[in-house]
Protein chains: 2
Amino acid sequence: MASFKGQAEYSVDSKGRVAIPARMRNALNPEANNSFTITRGFEQCILLFPLDEWAKREAEIARLNTYRSEARGFVRTIMRWADEVTLDGQGRIVVPKSLIAFAGLEDAVLIIGVLDRIEIWDPGVFAAQAEQEADYSDVAERIFEMGRDM
Amino acid sequence: MASFKGQAEYSVDSKGRVAIPARMRNALNPEANNSFTITRGFEQCILLFPLDEWAKREAEIARLNTYRSEARGFVRTIMRWADEVTLDGQGRIVVPKSLIAFAGLEDAVLIIGVLDRIEIWDPGVFAAQAEQEADYSDVAERIFEMGRDM
DNA sequence: GGAATGTTCCCCACTTTTCCCCACTTGGCT
DNA sequence: AGCCAAGTGGGGAAAAGTGGGGAACATTCC
């Protein structure tokens, strides 16, 4: 699995292009074919999954029973926001307009490597979100008490 | 399987034609022969299945026990609305009048790729429908029984 | 039967968007 | 200083979406 880490503050140009940090580009498997599935996160941010990583997730989603209305709505929501993007010669991707609007992107973006995915945030949105979250060390205690996760 | 994804807002012209996004056209198998079976969805929307994908569904439907009146009605409803459409030279299909009325289409449509099918919605109808649905991340937790991923 | 009407299909023309390529700038390394 | 890798910006060709004309076919009405 690709292991992304670190953060960077880059710009979005007038064509909706965002450069992916070289460090993260180099972490891609050849099977990803320089491409990502881009989609929305649960929070107000954009997620990038390398193509090979996304394939696993999609296989899970496809197994859901679409004769159940709740599952149908869920699959619809996930796939609606998803799109495939490929790095251009300069290591950039074009972010779909709907996702730029969803994430509230303007000139600058915060790019964060999070294990199997890359997250793209508007810096302002991220700051507001981080503020709301409980204290980092408190959360850590709670998560690790459960023993198994992370 | 085709694996459609993404959304687009396009227009319906006076002849009932709707363009299918190039991204989704490119995802079609050659066996689909540039054709779809078009029918109504469970919600107030229109569904497009590539011909090859529809063949599998039809086989499933045909296996249902038609000595049960419920199954009989179900099969009748599906097949009653179904029709076959082919892409024209500009990548458009003609939507049957009955389905335009059913989905409440006017000038604009929202086209959504949902794995094995393409859905066509009236934007207003979709917004109303989406509002009723439970929160995305809540559903995700329930469906996958885990909240941390994605 | 034949004219009038309407529908379907194919083609052409226009506009907008997307994609690919080239060029410039900055900062780190030799 | 000079070179190279990385990020940023923009121009132009090609593709995608939109709208409409007109031939071919069918349908209805006289």
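What's counted below: heavy atoms across the whole structure, side chains too, no hydrogens, waters or symmetry copies. In what follows, every chain begins at residue 1, and chains take the letters A, B, ... in the order their sequences are listed.
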Taking every heavy atom of A/Ile46 against every heavy atom of A/Leu99, the minimum-distance pair comes out as CD1-O, 3.6 Å
Hey, are the side chains of A/Ile120 and A/Cys45 touching, using non-hydrogen atoms and a 4.5 Å cut-off?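 No, their side chains stay 4.5 Å or more apart.
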Between A/Thr86 and A/Phe36, is any pair of side-chain heavy atoms under 4.5 Å apart? no
Return yes if some donor-acceptor pair links the side-chain N/O of A/Arg92 with the main-chain N/O of A/Leu87 below 3.5 Å, else return no.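 No.
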Starting from the 5' end of DNA chain D, give me the residue, A/Pro21 or A/Ser14, whose nearest nucleotide shows up first. A/Pro21
More 5' along DNA chain D: B/Ser11 or A/Asn26, using each one's nearest nucleotide?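 Counting from the 5' end, the first nearest nucleotide belongs to A/Asn26.
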Nearest-angstrom distance from the residue atom [atom1] of [X] to [atom2] of [N]:
X        : N      : atom1 : atom2 : answer
B/Ile93  : C/dC10 : CD1   : C1'   : 17 Å
A/Ile100 : C/dT17 : CD1   : P     : 14 Å
A/Leu87  : C/dC21 : CG    : C1'   : 16 Å
B/Gln90  : D/dA14 : CD    : P     : 19 Å
A/Glu9   : D/dT8  : CD    : P     : 10 Å
B/Asp13  : D/dG21 : CG    : C1'   : 13 Å
A/Arg17  : C/dC19 : CZ    : P     : 11 Å
B/Asp83  : C/dT8  : CG    : P     : 10 Å

Could you tell me whether B/Glu119 and A/Arg76 make a salt bridge, using a distance below 4.0 angstrom between a side-chain N and a carboxylate O?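 Salt bridge flag = yes for A/Arg76 with B/Glu119.
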Closest to side chain of [X], choosing from [options]:
X       : options                : result
B/Ala19 : D/dG9, C/dT18, D/dG17  : D/dG17
B/Lys15 : C/dC22, D/dG22, D/dG12 : D/dG22
B/Tyr10 : D/dG17, C/dA23, C/dT18 : D/dG17
A/Arg92 : D/dG10, C/dT17, D/dA16 : D/dG10

Which is true for A/Arg23 with a 4.0 Å heavy-atom rule: it touches a base, it touches only sugar-phosphate, or it touches nothing? nothing
Would you classify B/Ile111 as touching base, sugar-phosphate or nothing, given that sugar-phosphate means primed atoms plus P, OP1 and OP2, and contacts are heavy atoms under 4.0 Å? nothing
